[in-house]
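Notes follow once the structure below has been shown.
A note on names: the letters A, B, ... follow the listed sequences, proteins ahead of strands, and every chain is numbered from 1.
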Number of protein chains: 2
Amino acid sequence: MDRFTRLCKAKGLKITPQRMAVYEALKNSKEHPSADRIHKQLMPTFPSISLDTVNRTLITFARIGIINVVEGQGDPRRFDPNREDHHHFYCLSCTKIFDFHDPDLEQIRIPDQVTRMFTITGKRLCLSGYCNECRHQKAETAAPAN
Amino acid sequence: MDRFTRLCKAKGLKITPQRMAVYEALKNSKEHPSADRIHKQLMPTFPSISLDTVNRTLITFARIGIINVVEGQGDPRRFDPNREDHHHFYCLSCTKIFDFHDPDLEQIRIPDQVTRMFTITGKRLCLSGYCNECRHQKAETAAPAN
DNA sequence: TATTAAATAGGATTAATACGTATTTGTCAA
DNA sequence: TTGACAAATACGTATTAATCCTATTTAATA
């Protein structure tokens, strides 16, 4: 019995073909896709699956801790199958999210004032700016008004 | 001439009553409000202002660097008038965002591999979990399925 | 104070998400 | 193995957020 099955059982979730499909699709994704994106991806092989189910499933997975909902800037909600400690760079232009790791950053210690006030379940350094593809076009896109 | 006026002029933005109102409303806010929230807040004193204008104005402000768009988890887009270096705690339950500062965290050094690949304009430690008000209810809210 | 480009209001549209409900389907115990 | 039941699904509808369109207004400037 694999990790996924085990976790579902432990949390009292039924193992359905839809859930397996969503899990597989997200696991194999190198991006940080939205529900809509995963739904589109599944359509060819699983035409009957509904967007609502994909969305609910992803949120359920996030709640039980198989995946994460990640920070965006008003985008549709996006998900991350990578549950190792890592950090994100968010491109303000194309809205892609890039992962990175760094041993020094693992040392980041959360101040006591914070742990006293809140129960912390997630910790991430969030960088934003322009990715390599976008930064050359930045001058233009950042120019005009309103 | 105040900071706001100066910045608008420098960026070639016209100074309109709407922009001044939006700027004031956000500056005086202790939260990290959405466009809709600010619009509602302005309605009593500025009934003719449209949500579209509020939204466009906030995005414009973010683009010229007066304010920031902040990380959320699929929420409506939210804004932050605080442009000092600071960090965020995001409550998964009530979606409030709390600011915090810490001298140690100012020392965080972005790895070279990252600065080489991207142009970084924003840096923030993003914590998530449950705020003091919500953590006591956590047991219940985190329980059931789907 | 006349000109003009920029900005606004507000209705319409699109997109993302959530809801309601009838139906289907895993799960578990007999 | 099967029957019962709670859980999950599909899908239509509703809601909410964001954006677009365009006629009108307005701030800036000379």
Side-chain angles (χ1 to χ4, degrees), chain A residues 1 4-23 25 32-43 46-64 66 69-70 72-79 95 143-146, chain B residues 1 4-23 25 32-43 45-64 66 69-70 72-79 95 141 143-146:
Chain A
M1 190 158 68
F4 171 69
T5 309
R6 224 179 322 110
L7 250 163
C8 282
K9 286 213 182 286
K11 298 285 178 173
L13 292 189
K14 292 182 178 173
I15 297 168
T16 66
Q18 290 87 345
R19 282 179 175 161
M20 290 196 287
V22 170
Y23 182 74
H32 300 79
S34 64
D36 183 63
R37 195 152 180 68
I38 291 192
H39 182 242
K40 283 197 174 64
Q41 192 181 324
L42 289 175
M43 282 306 271
F46 201 149
S48 70
I49 200 169
S50 73
L51 174 56
D52 189 36
T53 294
V54 173
N55 198 41
R56 268 183 301 101
T57 300
L58 287 165
I59 291 173
T60 302
F61 286 172
R63 190 171 42 71
I64 68 172
I66 303 183
V69 182
V70 296
Q73 309 219 342
D75 306 306
R77 194 189 345 260
R78 285 158 73 177
F79 302 90
T95 76
N146 216 312
Chain B
M1 192 158 68
F4 171 68
T5 310
R6 224 178 321 108
L7 250 163
C8 283
K9 287 211 182 285
K11 298 284 181 173
L13 294 188
K14 292 183 179 174
I15 296 166
T16 67
Q18 289 85 346
R19 282 178 176 163
M20 291 196 287
V22 170
Y23 182 75
H32 300 77
S34 64
D36 183 62
R37 195 151 180 68
I38 291 191
H39 181 242
K40 282 196 174 66
Q41 192 180 324
L42 289 175
M43 283 305 271
T45 51
F46 201 149
S48 70
I49 200 168
S50 74
L51 174 57
D52 189 35
T53 293
V54 172
N55 198 42
R56 269 182 301 101
T57 300
L58 287 165
I59 292 173
T60 302
F61 286 171
R63 190 173 41 70
I64 67 172
I66 303 184
V69 181
V70 295
Q73 308 217 346
D75 306 307
R77 194 186 348 259
R78 285 158 71 178
F79 302 89
T95 77
T141 53
N146 215 313

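Residue His39(B) contributes atom NE2, which lies 15 Å from atom C1' of dT19(D) at whole-angstrom precision. With rounding to whole Å, Gln73(B) atom CD is found 16 Å from dA16(C) atom C1'. For Lys40(A) and dA15(C), the NZ to P distance is 9 Å, given to the nearest whole Å. Put simply, OH on Tyr23(A) is 18 Å from P on dA8(D), counting in whole angstrom units. Atom CG of Leu51(A) is separated from atom P of dT17(C) by 8 Å (rounded to the nearest Å). Residue Ile38(B) contributes atom CD1, which lies 12 Å from atom P of dA18(D) at whole-angstrom precision. Taking atom CE of residue Met43(B) and atom C1' of nucleotide dA9(C), one finds them 11 Å apart after rounding to whole Å. One can place CG of Leu58(B) at 14 Å from P of dA17(D), the figure rounded to the nearest angstrom.
Taking the six-membered ring where the residue is Trp, Tyr23(B) and Phe61(B) present perpendicular rings, their angle passing 60° and hence far from 30°.
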Handout entry: Protein-to-nucleotide contact annotation, 5' to 3' order, nucleotides 18-30 of chain C [B base; S sugar-phosphate only; - none; under 4.0 Å, heavy atom]
Key = BBB-----BS---
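The closest side-chain donor-acceptor pair between Ser50(A) and Thr53(A) falls under 3.5 angstrom.
Residues Ile49(A) and Val22(A) form a side-chain contact, since some pair of their non-hydrogen atoms from C-beta on lies under 4.5 Å apart. Annotation: side chain of Arg77(A) is in contact with side chain of Phe79(A) (closest heavy-atom distance under 4.5 Å). Side-chain atoms of Met20(B) and Ile15(B), non-hydrogen and from C-beta on, do get closer than 4.5 Å to each other.
Among the atoms of the strands shown, only primed sugar atoms or phosphate atoms (P, OP1, OP2) are found under 4.0 Å from some heavy atom of Ser48(A). Note on Ile49(A): only backbone sugar-phosphate atoms sit closer than 4.0 angstrom, heavy atoms only; bases stay farther off.
With values rounded to the nearest 0.5 angstrom, Ser34(B) atom OG is found 9.0 Å from Leu58(B) atom CG.
In terms of the side-chain hydrogen bond (donor to acceptor under 3.5 Å, both in side chains) criterion, residue partners of Arg37(A) (sequence neighbours excluded) are, by chain and number, Glu31(A).
Residues Pro47(B) and Gly74(B) both approach DNA chain C. Their nearest nucleotides, taken by heavy-atom distance, put Pro47(B) toward the 5′ side.
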